[in-house]
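Quick notes on the structure that follows.
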Amino acid sequence: NDAIFTADRRNMLIFVYTTYQDNETAHNTVLMDGIDAAIAQCNQECVGGLRAEYVGAIPVGVGNARQMKQDTLLTLSLALLGLVLLLGFFFRKKRVLLFLMLPVAMGGLFALAMVQLMQGAISNIAIGGGSIILGVAINYSIHFYTHLKHTVSAEETVRDLANPMIIGNITTIGAFLSLLFVNSRALADFGIFAAF
């Protein structure tokens, strides 16, 4: 009756196809949520030890995407907490923390906005790398602030640091943009995000 059973007739196989690619997890998550809901309903209402399971590239991709979101939130939260604690211990002024973190936060928002305008989406791996970029970007703020403590004049600090920091930024941006030449969409996304 158009059903495929295993040789022992204890398992029925159902093949589900989707119009989306395996890596389009945003769309495939909707499919997997529906399948999970149907399985949960079956487990509650079905009798006789009936059980449903699934396997395939789409569930693996959706599962990986969900795990990456959780890992990204965890790593970014831990990196941010660690930086705030370390900088708070070192500088001991709440206002200084705001001045140190504001350029980094603005840079992160700018990068997300530019990637959204250019591509419309960004991979979780690229955002997950944000914890690395957070550490790199905060160095410029720390360098400026510690130099300002010695010179006391913001204008003098800018004059002293403008050329070395511009050269340092260009080389760092160039290094991240080199990731555009690798054959990996996630690393290319990370390179664009980090460069902006």
Side-chain angles (χ1 to χ4, degrees), residues 15-37 54-84 86-87 97-144 161-196:
F15 298 92
V16 178
Y17 299 96
T18 176
T19 57
Y20 300 107
Q21 298 288 326
D22 295 348
N23 62 352
E24 293 186 48
T25 55
H27 297 291
N28 290 330
T29 298
V30 175
L31 172 66
M32 294 313 304
D33 288 344
I35 291 173
D36 287 337
Y54 53 78
V55 67
I58 290 173
V60 169
V62 169
N64 285 344
R66 287 177 177 158
Q67 187 64 47
M68 277 204 246
K69 283 180 185 176
Q70 290 174 354
D71 292 348
T72 297
L73 284 174
L74 179 65
T75 56
L76 282 174
S77 300
L78 289 176
L80 189 59
L81 178 67
L83 280 172
V84 167
L86 181 67
L87 295 173
L97 288 177
L98 176 68
F99 289 140
L100 293 175
M101 296 305 264
L102 189 62
V104 177
M106 296 305 290
L109 290 174
F110 175 75
L112 287 173
M114 292 304 294
V115 171
Q116 175 66 31
L117 286 174
M118 288 175 59
Q119 299 178 176
I122 187 169
S123 73
N124 286 331
I125 293 173
I127 294 175
S131 58
I132 298 166
I133 300 164
L134 184 65
V136 171
I138 196 96
N139 284 334
Y140 293 105
S141 298
I142 293 170
H143 193 70
F144 179 84
L161 296 179
N163 287 334
M165 288 183 90
I166 288 171
I167 291 169
N169 279 328
I170 289 171
T171 58
T172 302
I173 289 168
F176 283 124
L177 286 177
S178 70
L179 292 173
L180 293 174
F181 300 107
V182 299
N183 193 19
S184 168
R185 162 90 186 193
L187 285 177
D189 281 357
F190 175 67
I192 291 171
F193 177 66
F196 278 122

Listed pairs under 3.5 Å, donor-acceptor, residues 168-181 side chains, sequence neighbours left out:
residue : atom : partner : partner atom : Å
Asn169  : OD1  : Tyr140  : OH           : 3.2
Asn169  : ND2  : Met165  : O            : 3.2
Thr171  : OG1  : Ile167  : O            : 3.3
Thr171  : OG1  : Gly168  : O            : 2.9
Thr172  : OG1  : Tyr140  : OH           : 3.4
Thr172  : OG1  : Gly168  : O            : 2.8
Ser178  : OG   : Ala175  : O            : 2.5

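In this structure the side chain of Ile192 never reaches within 4.5 angstrom of the side chain of Met114, judged on heavy atoms.
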Next on the checklist: For His143 and Asn139: C-alpha separation, side-chain torsions, deciding distance, then whether side chain to side chain contact (heavy atoms under 4.5 Å, CB included) applies.
Outcome noted: CA-CA 6 Å; His143 193 70; Asn139 284 334; over 6 Å; no
Next on the checklist: Checking Leu97 against Val84 for the side chain to side chain contact (heavy atoms under 4.5 Å, CB included) test, could you report, in this order, the C-alpha distance in whole Å, the side-chain angles of both residues, the deciding distance, and whether it holds?
Outcome noted: CA-CA 7 Å; Leu97 288 177; Val84 167; 4.1 Å; yes
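Remark: Gln119 CD is packed, more than 12 non-hydrogen atoms of other residues, nucleotides or ligands lying under 6.0 Å away.
Between Phe144 and Leu161, the closest heavy-atom pair is CA-CD1, 3.7 Å. Closest approach of Thr25 and Val62 over heavy atoms only: CG2-N, 4.1 Å. Contact between Ala111 and Phe193 at its shortest, heavy atoms only, is CB-O, 3.4 Å.
The backbone N or O of Gln21 sits less than 3.5 Å from a side-chain atom of Asn28, completing a donor-acceptor pair.
With sequence neighbours left out, His27 forms a ring-ring contact (aromatic ring centres under 6.0 Å, His included) with Tyr20.
Atom CD1 in Ile58 sits 8.0 Å away from atom CD1 in Ile35 (nearest 0.5 Å). To the nearest 0.5 Å, the span separating CG on Leu31 from CG on Asp36 amounts to 9.5 Å.
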